[in-house]
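Notes follow once the structure below has been shown.
Chain naming here is simple, since letters A, B, ... match the order of the sequence lines and numbering starts at 1 in each.
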Amino acid sequence: MSDLLKILLTSHVLFGLIGVSLLFVLTTSLLKINPPVIAARRYALGAALSFFASWISGGMYYVMHYGKSVKPIILAGEYPWAHFIFMEAKEHVFLFLPFLSLALFIAISYAKEVPPSDTLRRSLVMVSVATFVIALIVTLSGIVISGGAR
Amino acid sequence: MNQKKLLQAFSYTLSATVTVVFFTLITIVADVFLPLKDWLKLTFTHHWIGKGVLGFVLFFVSAMFISLLPLRLIDQSLEKALRILFWTSLLGTLAIFSFFTFEFLSRLA
Amino acid sequence: MYLTLIIVHMIGTILGTGGATMIEILLAKALKDGVVDPLESDFLRATYRVVRVGLLLSVFSGFGFLLLYEFSGQTARLYNPVLWAKLTIILIILANALLLQARKINLFWGSAFSFVSWWTAVLLGILLTNGSYALSYPSIMFYYLIAVFLGAGILEACRDALQKYFEQHERSS
């Protein structure tokens, strides 16, 4: 693997992890009885930007390298389901994350202007948890896919 | 000011739902109806790039159209829109994973 | 690179496991009179923050190892059942933290899951380094759950013993 591809893959993983971490911190913030709305807004924006960065770096790695070099190895090996199920699903489910995070950022921006009601806070927690869980599924899928390439 | 922010929040929450539904549908349909996948490849050099670009545009365009709705229709509905987004995102994830699992198992049979 | 990751991972583990252990000690001391006062709450909050920093360092450096395996052609290690058990336990630590924050889990189980999970992650990390692949995922998770049940009982017994000692000490003075 060339240095550029290593940088792209590392960036994809790193930005993805930053996004997941920010979603975790966002969720714990929103779960407080008096959530720190200004900080929560920053976490959501940070997560959205991280996922966009992960999208670009991962996309470049995927288009430049995965399709022609990694996918054939997985398909020819003992774990073709690593591509057929996990890669195929992951590359599409990942696309949810930047938009879910961006929607959270904009919704929390409104919550910053008014004291958020308990119902609004709970709804924000639900979306934050869903986004966090989806991001975890995507992350774990990435490990499964890499493990299938041998 | 609050009404404007509320409208923005509602529009983007709903447009995120629309985008998630779009990604779910185009993922499944493009795999079943191959001319769509071929068109995406031809237009955007790669089907996945095409889905991403279309989804990105749809997110902002649909938010713009939703924001044209009269304010009286969206009052108090942000919580509902967030809950719809919650369920849509989880169901979309389940649908995509289930679809590819089913496709793989059909391949084996 | 490998050495850097080991150092960062060790620091994360020490902060996380040490912090989780300190939380149990601080909680036992705080609850000996049945009430967590503001100063005790402040100490606990600071310790939670240390644990979170430890978790962050551990997770990021942990993924650094996974990337190193990818780059050095050791991708078979990514299917190691001990690794997947460790990943599951990290997920349990995260879920437990959210449940505790949301007050959806009581202290009895919350502290047991936290304490046992961190120490199990340490043990699994040692096993991973020694290349012990003989353990299956179901067996590791089975022993882990037993440890959680035992840990919950032991931690509660420690808190009760401390409370009784405090009550006796109060009566005699």
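Of the atoms belonging to Phe22(B), not a single heavy atom falls under 4.5 Å from chain A. For a residue to count as touching a neighbouring chain, one of its non-hydrogen atoms must lie under 4.5 Å from one of that chain's; by this rule Leu124(A) touches chain B with backbone and side chain alike. Heavy atoms of Phe102(B) lying under 4.5 Å from chain A are absent altogether. Within the 4.5 angstrom heavy-atom criterion, no atom of Ile26(B) approaches chain A. For Phe52(A), the part lying under 4.5 angstrom from a heavy atom of chain B is the side chain only.
For His92(A) and Phe97(B), the ring centers are positioned 6.0 Å apart or more. Residues Tyr62(A) and His46(B) bring their aromatic ring centres within 6.0 Å. Aromatic ring centroids of Phe104(B) and Phe100(B) lie 6.0 Å or more apart.
Most heavy-atom pairs under 4.5 Å with chain A: of the set Thr13(B), Thr101(B), Thr17(B), Thr19(B), this distinction falls to Thr101(B).
Judged purely by atom type and a 3.5 angstrom limit, Trp81(A) has no side-chain atom pairing as donor or acceptor with the backbone of Phe86(A). In terms of modelled atom types and a separation under 3.5 Å, the side chain of Ser117(A) and the main chain of Leu120(A) share a donor-acceptor contact.
Ring geometry for Trp39(B) versus Phe44(B): interplanar angle over 60°, hence perpendicular rather than tilted (30 to 60°). Ring-plane geometry between Phe94(A) and Phe51(A) is classed as perpendicular, the angle between the planes exceeding 60 degrees on a 0 to 90 degree scale with a lower cut at 30.
Of all residues spanning residues 128-150 of chain A, those with a heavy atom less than 4.5 Å away from chain B's heavy atoms are Ala130(A), Ile134(A), Ile137(A), Ser141(A), arranged by number.
A 6.0 Å sphere centred on CG of Asn34(A) holds no more than 12 heavy atoms belonging to other residues, nucleotides or ligands.
The shortest distance between side-chain heavy atoms of Met64(A) and Leu8(A) falls below 4.5 Å.
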